[in-house]
Asker: 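One structure, pasted below without further comment.
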Amino acid sequence: MGEAHRQLLMDERAAERALARMAREIVELNEGVNGLVIMGIQRRGVQLAQRIADEIERAEGVRPPAGSLDITLYRDDLTAIGPRPVLGETRMPSGGIDDQRVVIVDDVCYTGRTVRAALDELADFGRPSRIWLCVLVDRGGRELPIQPDVVGRHIAAGPGQRIDVLVPELDGRLAVELTTRDSGPS
Amino acid sequence: MSERATFPGKDLIGLESLDAAQICTILDTAEAFKEISERPIKKVPVLRGKTIVNLFFEASTRTRISFEFAEKRLSADTVNIGSTSSSVTKGETLVDTARNLEAMRIDMVVIRHGSSGAAQFLADRIPSNVVNAGDGRHEHPTQGLLDILTIRDHRGRIEGLKVCIIGDVLHSRVARSNIWGLTRLGARVGVCAPRTLLPVAVEELGVEVFDRIEDAMEWADVLNVLRLQFERMQGGFVPSVREYNRLFGVTRERIERTGRDLLILHPGPMNRGVEIDSDVADGPHAVILDQVTNGVAVRMAVLYLLAGGEPERAEAAKREN
């Protein structure tokens with residue numbers, strides 16, 4: 001295996017600015033905060049969802065209900081990736097999601113398969129009147145007809161590259177990094 | 001990545017062959033699965049398309065239904081085969097039954113059998129995953145796991161706890177799975193029963209032996225009360241059921257005399273008034289129905305982890321990412 005090169009794509013300030021703008025875009029899409037529910041995808045989407053809810057509360061004076069989704073059991077590749085014994089919490093907001101306008105928040109949108117799983121899982125909990133997708137980084141490379149509605153930053157990354165969103169709660173800081181594996185002579 | 005599973009192999013035959021990390025992996029996974037049974041739609045698609053055969057050669061209500069709920073909540077397709085309703089009554093051997101099932105392209109077998117070693121015997125001969133749902137006097141690993149999970153839920157830990165198994169240890173696979181699992185996780189295990197109901201040289205399993213239930217209850221933090229297995233007794237183990245209750249029954253008076261906050265488990269089915277009195281079984285110390293609830297989550301965790309494929313393949317797939 002070759003060496004890995006890490007590159008900082010967004011520092012804390014850049015990520016905070018992006019999240020603040022994304023929060024405003026969400027409120028604009030929804031024409032206010034009525035019926036808005038923010039659902040973060042485990043793991044790092046949950047922390048980003050909390051930050052977006054914070055921003056909305058700061059700007060609008062109302063905090064939208066937030067929840068979390070662990071999509072592990074809805075993946076289409078269990079046999080290939082092996083079981084993940086540590087499942088995160090799936091928690092609906094107390095008012096549920098029926099007839100609500102749900103924003104799915106994730107850190108990175110890549111193949112679209114996570115989002116497909118999240119849509120399936122949400123359908124088992126209720127029937128939102130609208131679902132939007134909000135991601136901090138859209139790296140392209142979709143395998144399904146799924147597109148985010150609100151994006152922090154578009155970054156074209158190749159198959160040999162990995163994008164890591166770091167959040168203070170799990171990683172000690174807020175940042176976005178690109179890791180490129182030097183795959184050696186090919 | 002720390003998310004890699006440390007369990008599984010192909011099968012779950014007993015807790016004797018698992019280490020502490022593997023047991024904890026199952027318990028932590030079960031913890032996450034509990035919530036699924038509280039959802040409006042109690043089902044996740046993770047085992048969609050998997051076929052699981054429940055092969056029960058012995059009577060069972062709780063365990064069979066618990067496995068079936070677990071399988072259905074993971075979206076697997078299930079078939080139940082009981083010994084009375086199958087070709088076993090026509091003289092077919094265990095291996096032939098299993099090979100015929102294999103020929104119908106199944107993925108997993110959950111087996112309950114009266115002979116110790118039946119689950120391993122089957123696991124060695126078919127490529128499907130095999131889960132032992134109780135084999136003779138050997139092990140009943142999912143019962144052991146759900147007992148341990150229930151204790152952990154109520155006491156917050158296993159390490160350092162003193163757990164006493166009371167009753168028919170001789171005939172009990174539940175006792176063996178408890179002893180292996182609990183000692184692996186650092187608990188101290190005691191057994192208390194008339195000597196006729198203890199295996200020869202039971203001390204070699206690393207347990208303390210109590211001849212008087214009063215001493216056991218003074219020592220223990222948790223009591224796991226076993227059923228007197230009349231169906232396995234050809235007589236002569238205890239002079240009478242009434243005497244057993246008088247000498248070894250878990251009664252309210254005995255609990256009150258200890259003045260301690262004991263946790264009481266029973267794997268069911270209970271003989272009320274024999275090994276456990278009704279006011280204990282329905283009382284504040286008993287967590288018997290929590291055990292039943294946890295049973296479904298534990299079995300979901302085991303099936304999920306076993307069905308997930310081999311860890312080596314998972315590692316290879318991760319490297320490609």
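All chains are named by letter (A, B, ...) in the order of the sequence lines, taking the proteins before the strands, and each is independently numbered beginning at 1. In this text, all values refer to a predicted model and were calculated from it rather than measured experimentally. Computed from heavy atoms alone, side chains included, the values below leave out hydrogens, waters and symmetry copies.
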Asker: With a 4.5 Å cut-off on heavy-atom pairs, point out which of A:D70, A:D124, A:T90, A:L73 contacts chain B the most.
Answerer: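 Option with the top pair count is A:L73.
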Asker: Which of the residues B:I36, B:L47, B:I41 is involved in the greatest number of heavy-atom pairs with chain A at under 4.5 angstrom?
Answerer: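 Heavy-atom pairs under 4.5 Å are most numerous for B:I41.
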Asker: Check each atom of B:L74 against the heavy atoms of chain A and say whether the ones under 4.5 Å are side chain, backbone, both or neither.
Answerer: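 Neither the backbone nor the side chain of B:L74 comes within 4.5 Å of chain A.
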Asker: Would you mind telling me which of A:H5, A:Q161, A:R162 makes a side-chain hydrogen bond (donor to acceptor under 3.5 Å, both in side chains) with A:T180?
Answerer: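 Per the side-chain hydrogen bond (donor to acceptor under 3.5 Å, both in side chains) rule, the option paired with A:T180 is A:Q161, out of A:H5, A:Q161, A:R162.
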Asker: Taking A:E121 first and then B:R39, would you say they form a salt bridge - that is, a charged N and a carboxylate O separated by under 4.0 Å?
Answerer: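 B:R39 and A:E121: salt-bridged.
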Asker: If you measure from the Lys or Arg side-chain nitrogens to the Asp or Glu carboxylate oxygens, is any gap between A:E12 and A:R173 under 4.0 Å?
Answerer: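 Salt bridge between A:E12 and A:R173, a charged N being under 4.0 Å from a carboxylate O: no.
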Asker: Flag this pair as yes if the NZ/CZ of A:R139 is under 6.0 angstrom from the six-membered ring centre of A:Y110 and inside a 45 degree cone about the axis; otherwise no.
Answerer: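 The answer is yes, since A:R139 meets both limits relative to A:Y110.
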